[in-house]
Amino acid sequence: MDKITVTSPLLPDLQEFHEVLQEIWDSKWITNNGSFHKKLEAALCEYLKVPYISLFTNGTLPLLTALQALRITGEVITTPYSFVATTHSIWWNGCRPVFVDIDPKTGNMDPDRIEAAITPKTTAIMPVHVYGKPCDTARIKEIADKYGLKVIYDAAHAFGVEVNGESILNAGDLSTLCFHATKVYNTIEGGALVMHDAETKKRIDYLKNFGFANEVEVVGPGINSKMDEVRSAYGLLNLKQVDAAIDARHQVAIRYREALRGIKGVTFFDDMPGVRHNYSYFPIFVDAEEYGMTRDELYFKMKDNGVLGRRYFYPLISTFSTYRGLPSASRENLPQAHKMADSVICLPMHHSLNKADIDLTISLIQR
Ligand SMILES: *Cc1c(COP(=O)(O)O)cnc(C)c1O
């Protein structure tokens with residue numbers, strides 16, 4: 001039996017990919033800000049409705065580089081309910097992550113809890129638009145402005161998400177994207193930083209190329225995180241089909257919601273008014289008492305029947321060995337995050353699910 005996986009990569013047409021590979025081979029320019037790299041940056045700015053973007057080799061290096069670029073030190077307020085790379089980037093910069101609980105209505109950092117976590121050492125806030133659901137960016141900006149803090153959004157899940165026609169990626173000082181194979185839009189491995197002005201882009205372009213400003217000048221402790229021509233060309237091809245992929249995901253979400261609404265003990269998110277969602281994930285939350293089965297019992301029942309949901313985000317980042325000793329990592333500080341992590345299953349969600357896949361997934365959840 002074929003397994004139904006939680007995600008499946010969006011792949012460009014192989015023939016078209018051969019053609020662009022031929023172009024790259026002919027040019028003999030395979031990395032270092034080549035023509036496909038430039039074309040992909042321009043195409044992404046247009047598609048995402050953002051002014052400036054800088055491409056990276058994955059979605060973790062833009063997080064690291066964003067903290068470097070803004071010279072963040074001391075403490076960074078963040079969410080435990082995310083992929084572990086969010087907090088790791090803070091740690092790798094020698095900063096201390098300070099966890100704030102989430103709002104159970106969205107899964108995002110609860111803005112009402114940010115102020116209580118601010119100390120004289122706080123320099124930045126790193127929220128995540130988890131599952132692509134937009135954070136309350138206006139409230140977060142208000143707090144950041146009041147205390148003089150920078151805001152870096154981990155927008156790895158938020159490719160193409162818009163609020164009232166404006167890209168969510170324009171919020172904050174910087175936003176990071178991830179183009180990993182498992183995400184809505186992929187360049188196999190890849191990522192990006194979105195910024196507001198040309199000067200910041202220039203600095204970040206230096207930082208992702210060892211800090212080189214020119215042949216002889218190194219302006220800072222840069223890293224190597226340049227996207228190559230092959231992945232850039234692949235990314236250009238995938239961009240042509242990402243809207244169709246998001247539409248297909250939307251149809252899956254509609255089917256799931258129709259079928260699952262009314263099952264006692266199973267809840268999920270509805271669309272938010274004014275938001276263009278990307279349907280990157282379809283999390284459900286299992287209340288064991290009401291549902292009559294624990295989350296893990298359902299998770300393994302699905303797995304035994306070939307439906308590979310994933311418990312994103314369980315365990316919480318704050319429970320991993322690096323972080324669990326931090327005062328803000330205590331269970332008492334993060335009750336909502338624990339509750340969500342202990343009840344979540346992300347159902348299979350991608351552009352190529354067929355009716356039989358969706359029906360099987362639903363039938364395993366229906367009691
Ligand atoms: C996928 C992901 C990343 C990291 O992306 P990579 O490209 O795998 O390094 C960062 N943050 C979040 C929230 C993610 O889901």
Side-chain angles (χ1 to χ4, degrees), residues 5-10 40 44 53-68 76-93 97 99-100 102 106-109 124-135 137 151-161 168-169 171-172 174-194 208 223-228 231-232 234-235 238 242 249 277-283 309-318 320 322-323 337 340-341 344 346 349-350:
T5 49
V6 74
T7 185
S8 176
L10 184 65
L40 183 58
L44 283 169
I53 199 165
S54 179
L55 294 174
F56 280 72
T57 45
N58 61 48
T60 300
L61 286 161
L63 288 165
L64 290 175
T65 307
L67 290 157
Q68 276 290 317
V76 179
I77 291 173
T78 191
T79 170
Y81 195 77
S82 178
F83 182 61
V84 70
T86 312
T87 311
H88 280 352
S89 71
I90 297 168
W91 197 263
W92 268 65
N93 272 277
F99 297 111
V100 160
I102 59 169
T106 62
N108 289 330
M109 181 189 288
I125 309 173
M126 186 180 274
V128 180
H129 304 292
V130 82
Y131 308 130
K133 293 175 70 66
C135 289
T137 55
V151 182
I152 298 165
Y153 282 101
D154 180 340
H157 300 174
F159 186 89
V161 172
I168 194 71
L169 304 171
L174 293 167
S175 288
T176 72
L177 285 166
C178 165
F179 307 149
H180 185 256
T182 52
K183 304 296 208 285
V184 169
Y185 168 79
N186 82 84
T187 59
I188 306 177
E189 295 268 0
L193 259 174
V194 172
K208 78 174 183 192
I223 200 158
N224 180 8
S225 187
K226 307 182 298 292
M227 186 182 280
D228 62 74
R231 285 187 183 82
S232 302
Y234 174 107
N238 252 356
V242 71
R249 287 167 172 270
H277 290 282
N278 64 6
Y279 306 97
S280 47
Y281 299 87
F282 195 92
R310 293 295 299 266
R311 290 168 290 182
Y312 296 144
F313 289 99
Y314 166 86
L316 289 180
I317 302 173
S318 50
F320 294 136
T322 314
Y323 307 116
M340 196 167 273
V344 70
C346 283
M349 171 51 90
H350 57 83

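Remember, it's 1-based here, ligands and their atoms both numbered in the order they're listed.
No more than 12 heavy atoms of other residues, nucleotides or ligands lie within 6.0 Å of CZ in Arg310, so this atom counts as exposed by the packing criterion.
Taking distance alone, with nitrogen or oxygen atoms compared against 3.5 Å, Gly59 approaches ligand 1 more closely than that limit. Inclusion of Tyr281 in the set of residues having an N or O under 3.5 Å from an N or O of ligand 1 is not warranted.
Using a distance-only test at 3.5 Å, with no hydrogens or angles considered, no donor-acceptor pair links the side chain of Thr87 to the main chain of Val84. One N or O on the side chain of Asn108 and one on the backbone of Lys133 form a donor-acceptor pair closer than 3.5 Å. For the pair Asn238 (side chain) and Tyr185 (backbone), a donor-acceptor distance under 3.5 Å is absent. In this structure, Asn93 contributes its side chain and Ser89 its backbone to a donor-acceptor pair below 3.5 Å.
Looking from atom 3 (C) of ligand 1 to the surrounding protein, the closest heavy atom is Phe83 CD2, 3.7 Å. Counting only heavy atoms of the protein, atom 15 (O) of ligand 1 lies nearest to His157 NE2, 2.7 Å. Of the protein's non-hydrogen atoms, Thr60 OG1, 2.6 Å is the one closest to atom 9 (O) of ligand 1.
Exactly one of Tyr81, Tyr281, Tyr153 qualifies for a ring pair (Phe, Tyr, Trp, His ring centres under 6.0 Å) with His129. That residue is Tyr153.
Contacts with ligand 1 closer than 4.0 Å are made by side-chain heavy atoms of Asp154 only, the backbone lying farther away.
The closest approach between Ser82 and ligand 1 falls below 4.0 Å for a heavy atom of the residue.
Scanning Glu189, Lys183, His180 for the heavy atom closest to atom 14 (C) of ligand 1 points to Lys183. When Gly132, Pro62, Ala156 are checked for heavy-atom proximity to atom 12 (C) of ligand 1, Ala156 turns out nearest.
Looking only at atom types and distance, the side chain of Tyr131 has no donor-acceptor partner in the side chain of His277 under 3.5 Å away.
The contact set between ligand 1 and Cys178, taken as ligand atoms under 4.0 Å from a residue heavy atom, comprises 1 (C), 5 (O), 6 (P), 7 (O).
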